[in-house]
Asks: 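First, the structure itself, so that you have it in front of you.
All values below were derived from every heavy atom in this structure, side-chain atoms included, with hydrogens, water molecules and symmetry-related copies excluded. Predicted model only: the values in this text are computed from it and were never measured. As the structure lists them, so they are numbered: ligands from 1, and atoms in each ligand from 1.
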Amino acid sequence: MSKAVLKVAGLSVAYGGIKAVKGIDLEVREGELIALIGANGAGKTTTLKAITGTLPQCKVEGSIHYLDETLKGSKSFHLVEKKLAMVPEGRGVFTRMSIRENLMMGAYTRTDKAAIEDDIAHWFDVFPRLKERAAQMAGTLSGGEQQMLAMARALMSHPRLLLLDEPSMGLSPIMVEKIFEVIRTVSAQGITILLVEQNARLALQAADRGYVMDSGLITMSGNAADMLDDARVRAAYLGE
Ligand code: ATP
């Protein structure tokens, strides 16, 4: 079995008196695409924020092992230096910069200029829509194109783990299909991905394994194909 990139054990997060995450275990192994699904408010985004140390005002308990270190959960750190990349809900591209400039920003800690150009060319092949619009301001892109740019920018930092928070949010059905196509392509290139999604069907179709989160708890986990066949998952999350 491949090496664990991320191992979360007994993670709990409370916002004041509200427990958003209630002692969850979760593991992501090298090269895997893991789907974390569940309804609105289940605690998925809070889990990602605990992993990335962006919950400064919260009570965080449990352990988060990432590669060979222990992350503190409530303590912020430099994501890029740890080769941990997060594409948040809402994406956060630099709207007044061109697509190419956004990609360069993703590589700002790197000094290998020729390799950066090679990477841009590589990700332009994966995201041809971005290539066609390389000089265009990111703010003029559609929501789906901005999502692609945010992913490509994150990949420019050579992450060991890519965290995607609701990449399909607010996109048209056609664009949602395209985004998932891109996620599959990126995963097929060996990038390790933890994908948080409300679109359970597409997420599980793309993933190797899945976790279901409900009211702060992991209520189910397993092989993604088996979960797609599971009667409880079908009834609760696939609208059947
Ligand atoms: P969504 O898809 O809506 O983002 P989610 O599964 O990611 O849902 P979270 O955003 O993690 O869920 O929210 C989990 C719970 O924590 C919710 O009840 C939410 O209201 C609460 N919560 C989230 N952020 C805060 C905050 N900053 N302060 C207080 N409560 C919060």
Asks: Specify side chain, backbone, both or neither for Glu89, according to which of its non-hydrogen atoms lie closer than 4.0 Å to ligand 1.
Replies: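 Side chain only; the backbone of Glu89 stays clear of ligand 1.
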Asks: Compute the minimum heavy-atom distance from Gly38 to ligand 1 and say whether it is under 4.0 Å.
Replies: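 So Gly38 does not count as touching ligand 1.
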Asks: Using heavy atoms and a 4.0 Å limit, tell me yes or no: is Ala39 in contact with ligand 1?
Replies: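 Yes, Ala39 has heavy atoms under 4.0 Å from ligand 1.
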Asks: Within a distance under 4.0 Å of any heavy atom of Glu166, pick out the atoms of ligand 1 and give their elements.
Replies: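 So the atoms of ligand 1 that pass are 2 (O).
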Asks: Would you kindly say whether Thr46 and Tyr15 are connected by a side-chain donor-acceptor distance under 3.5 Å?
Replies: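 Yes, side-chain donor-acceptor contact under 3.5 Å.
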Asks: In ligand 1, which numbered atoms sit nearer than 4.0 Å to a non-hydrogen atom of Thr46?
Replies: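 Here the atoms of ligand 1 in question are 9 (P), 11 (O), 13 (O), 14 (C).
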Asks: Backbone or side chain, does any N or O of Thr45 fall under 3.5 Å from an N or O of ligand 1?
Replies: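 Yes, at least one N or O pair falls under 3.5 Å.
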Asks: So, 4.0 Å and heavy atoms of Asn40: is ligand 1 close enough to count as a contact?
Replies: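 Distance cut 4.0 Å: Asn40 passes for ligand 1.
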Asks: If you measure from the Lys or Arg side-chain nitrogens to the Asp or Glu carboxylate oxygens, is any gap between Arg110 and Asp119 under 4.0 Å?
Replies: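 Answer for the salt bridge query: yes.
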Asks: Could you identify the single nearest non-hydrogen protein atom to atom 22 (N) of ligand 1 and state the distance to 0.1 Å?
Replies: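 Checking every protein heavy atom, the shortest distance to atom 22 (N) of ligand 1 gives Tyr15 CE1, 3.3 Å.
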Asks: Do Glu32 and Ser2 pair up side chain to side chain, a donor and an acceptor below 3.5 Å, judged on atom types alone?
Replies: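 Per modelled atom types, Glu32 and Ser2 side chains form no pair under 3.5 Å.
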Asks: Between Lys44 and Glu197, is the closest basic N to carboxylate O distance under 4.0 Å?
Replies: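 So Glu197 does not pair with Lys44 through a salt bridge.
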Asks: Which residue supplies the protein heavy atom nearest to atom 12 (O) of ligand 1, what is that atom called, and how far is it?
Replies: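 Residue, atom and distance for the closest contact: Gly43 N, 3.1 Å.
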Asks: Looking only at heavy atoms, which two atoms of Arg100 and Phe124 are closest? And how far apart?
Replies: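 For Arg100 and Phe124, the tightest heavy-atom pair comes out as NH2-CE1, 4.1 Å.
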Asks: Closest approach of Ala206 and Leu33, non-hydrogen atoms and distance?
Replies: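 That closest heavy-atom pairing would be O-CD2, 3.2 Å.
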Asks: For Lys7, look at atom NZ and say whether over 12 heavy atoms of other residues, nucleotides or ligands are found less than 6.0 Å away.
Replies: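 Atom NZ in Lys7 is not packed in, count stays at 12 or less.
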Asks: Under 4.0 angstrom from atom 19 (C) of ligand 1, is there any protein heavy atom?
Replies: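 It does not; no protein heavy atom is within 4.0 Å.
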Asks: For Ala20 and ligand 1, does the shortest N/O to N/O distance drop below 3.5 Å?
Replies: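 No, there is no polar N/O contact under 3.5 Å.
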Asks: More than 12 foreign heavy atoms under 6.0 Å from CE of Met104: is that the case here?
Replies: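 Atom CE in Met104 is not packed in, count stays at 12 or less.
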Asks: Could you see which bit of Gln198 sits under 4.0 Å from ligand 1, with heavy atoms only: side chain, backbone, both or neither?
Replies: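 The answer is the side chain.
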Asks: Less than 4.0 Å between atom 9 (P) of ligand 1 and some protein heavy atom, yes or no?
Replies: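 When distances to the protein are checked, atom 9 (P) of ligand 1 has a heavy atom within 4.0 Å.
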Asks: Go through ligand 1 atom by atom and flag the ones less than 4.0 Å from a non-hydrogen atom of Ala42.
Replies: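 So the answer, numbered in order with elements, is 5 (P), 6 (O), 12 (O).
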Asks: Below 4.0 angstrom, N of the basic side chain to O of the carboxylate: do Glu30 and Lys3 qualify?
Replies: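 Lys3 and Glu30: not salt-bridged.
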Asks: Say whether Gly41, considering both its backbone and side-chain N or O atoms, lies within less than 3.5 Å of an N or O atom on ligand 1.
Replies: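 Checking ligand 1 against Gly41, an N or O pair does fall under 3.5 Å apart.
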Asks: With no hydrogens and no angle check, just 3.5 Å: does a side-chain donor-acceptor pair link Gln189 and His122?
Replies: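 Distance-only check passes for Gln189 and His122.
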